[in-house]
Amino acid sequence: MAPTSRAAWEQAYARVESALRSAGAASAADLPALEETRIRFLGRKGELTELLKALKDLPLEERKALGPKGNALKESFEAAIASRRAELEDAGDAASLKNETVDLTLPALRPPRGRLHPLTVTLREIADIFHRMGYDWAEGPFVEDERHNFSALNFPPDHPARDSQDTFYLEGLPLLLRTHTSTVQIRAMEASRPPIRVVCPGRVFRHEQTDVTHSAVFHQVEGLVVDRGAGFSDLKGHLQTFLEALLGRGTKTRFRPSYFPFVEPSAEVDVKCFLCPGSGCPACKRTGWIEILGAGVVHPKVLEGVGWDPEQWSGFAFGIGVERVAMLLHGVRDLRDFYVNDLRFLNQFDEDLA
Ligand code: FA5
């Protein structure tokens, strides 16, 4: 029964106060016991809660007199609970620290490791081999003019490669996205004097259908050597040295006659297909061979165009497809896998890049 008079309320107060004292919140043995005591007095139907609720049934004057008394009891109980809880928690932490052991011989946790993209690694690997063969490194812009991409390379004005079917032109400007890294041959020659020996790695762009060996954005490493008496046999020797360093001795390659307006004679180099034993598959278009580069002897008109005397200087050039090389090195069946950024694919290159 809730007390409805002052005297009854004060009697109830005395009972709760003595119960609080004997419950001894300040000496609760552990956190569950402390919580039990708190709920007994301050839970929704707790003894102290009920006592305070009963105030509302007393006349205003008495409520004013008794209210602070009740609240003070509640505050001191809450303070006792909070301080005992802090004590018990500290003791618990200390005890668990005491039981904890640290095994210093365990290996440390390693943060996830970033790594280079397999195409970046392949491109650097190609350039590194040429670097060891005495080649310097040169770079050029992605956005080019027609002169560097075509005219200076002896492409006639009506050559089909100039067609917007193959080339991305910039709207309203006499500029385009370079379709090959041969542009950098011209830039490198314009910026120096003969002799020269450079590789020019980078991204190129072609407006063409993608398939297992073709992408609209891909990478090439261009090579250019101009020296006195440099010719086709030097080209073959350099490419053979490069291919053996890259793919290992005994790798089957073949030179095929070809045509590029800026080199004469011209060749293309194929490597035996790595996916089928030469019998033919989608990657090699059923030929048993995969084309990885174009090459040839620098056309005299190209040398003349940059003011180098073709009577004194001659040279050779080549352009290697980086994606095709990466496919060969890693047995990748579809070149487009390099671009989708699927970590399940990229993580497979971990060991190669370590
Ligand atoms: C050229 O781009 C010439 N500039 C190469 C060259 C340089 C010839 C110097 C002579 C002297 P081609 O279009 O064939 O040639 O491309 C060269 C290589 O790039 C190819 O052998 C192939 O490995 C790669 N390639 C060509 N098209 C693509 C494509 N769409 N996607 C991926 N790789 C490609």
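Start at 1 with the first residue, then count along the sequence. Just follow the structure's listing: the first ligand is 1, and inside any ligand the first atom is 1.
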Assess, by modelled atom type and distance only, whether the side chains of His117 and Tyr339 contain a donor and an acceptor separated by less than 3.5 Å.
no
Check whether the side chains of His148 and Glu190 place a donor and an acceptor atom closer than 3.5 Å, and report yes or no.
yes
Which residues pass the side chain to side chain contact (heavy atoms under 4.5 Å, CB included) test with Thr37, sequence neighbours left out?
Ala23, Ala25, Phe41, Phe77
Amino acids contacting ligand 1, non-hydrogen cut-off under 4.0 Å
His180, Ser182, Gln185, Arg206, Glu208, Thr213, His214, Ser215, Phe218, Gln220, Glu222, Phe260, Phe262, Val263, Glu268, Glu291, Ile292, Leu293, Gly294, Ala295, Ala317, Phe318, Gly319, Gly321, Arg324, Leu335
Looking just at side-chain N and O atoms, do Thr49 and Lys74 make a donor-acceptor pair shorter than 3.5 Å?
no
Hey, what else clusters with Leu303 if you join Ile, Leu, Val, Met, Phe, Trp, Tyr whenever side-chain heavy atoms sit under 4.5 Å?
Phe150, Leu153, Phe155, Tyr169, Leu176, Ile186, Met189, Ile196, Val198, Leu224, Val226, Phe260, Phe262, Val263, Val298, Val302, Val306, Trp308, Trp313
Hits for salt bridge (Lys or Arg N to Asp or Glu O under 4.0 Å) against Lys69, two or more places apart or cross-chain, chain-then-number order -> Glu10
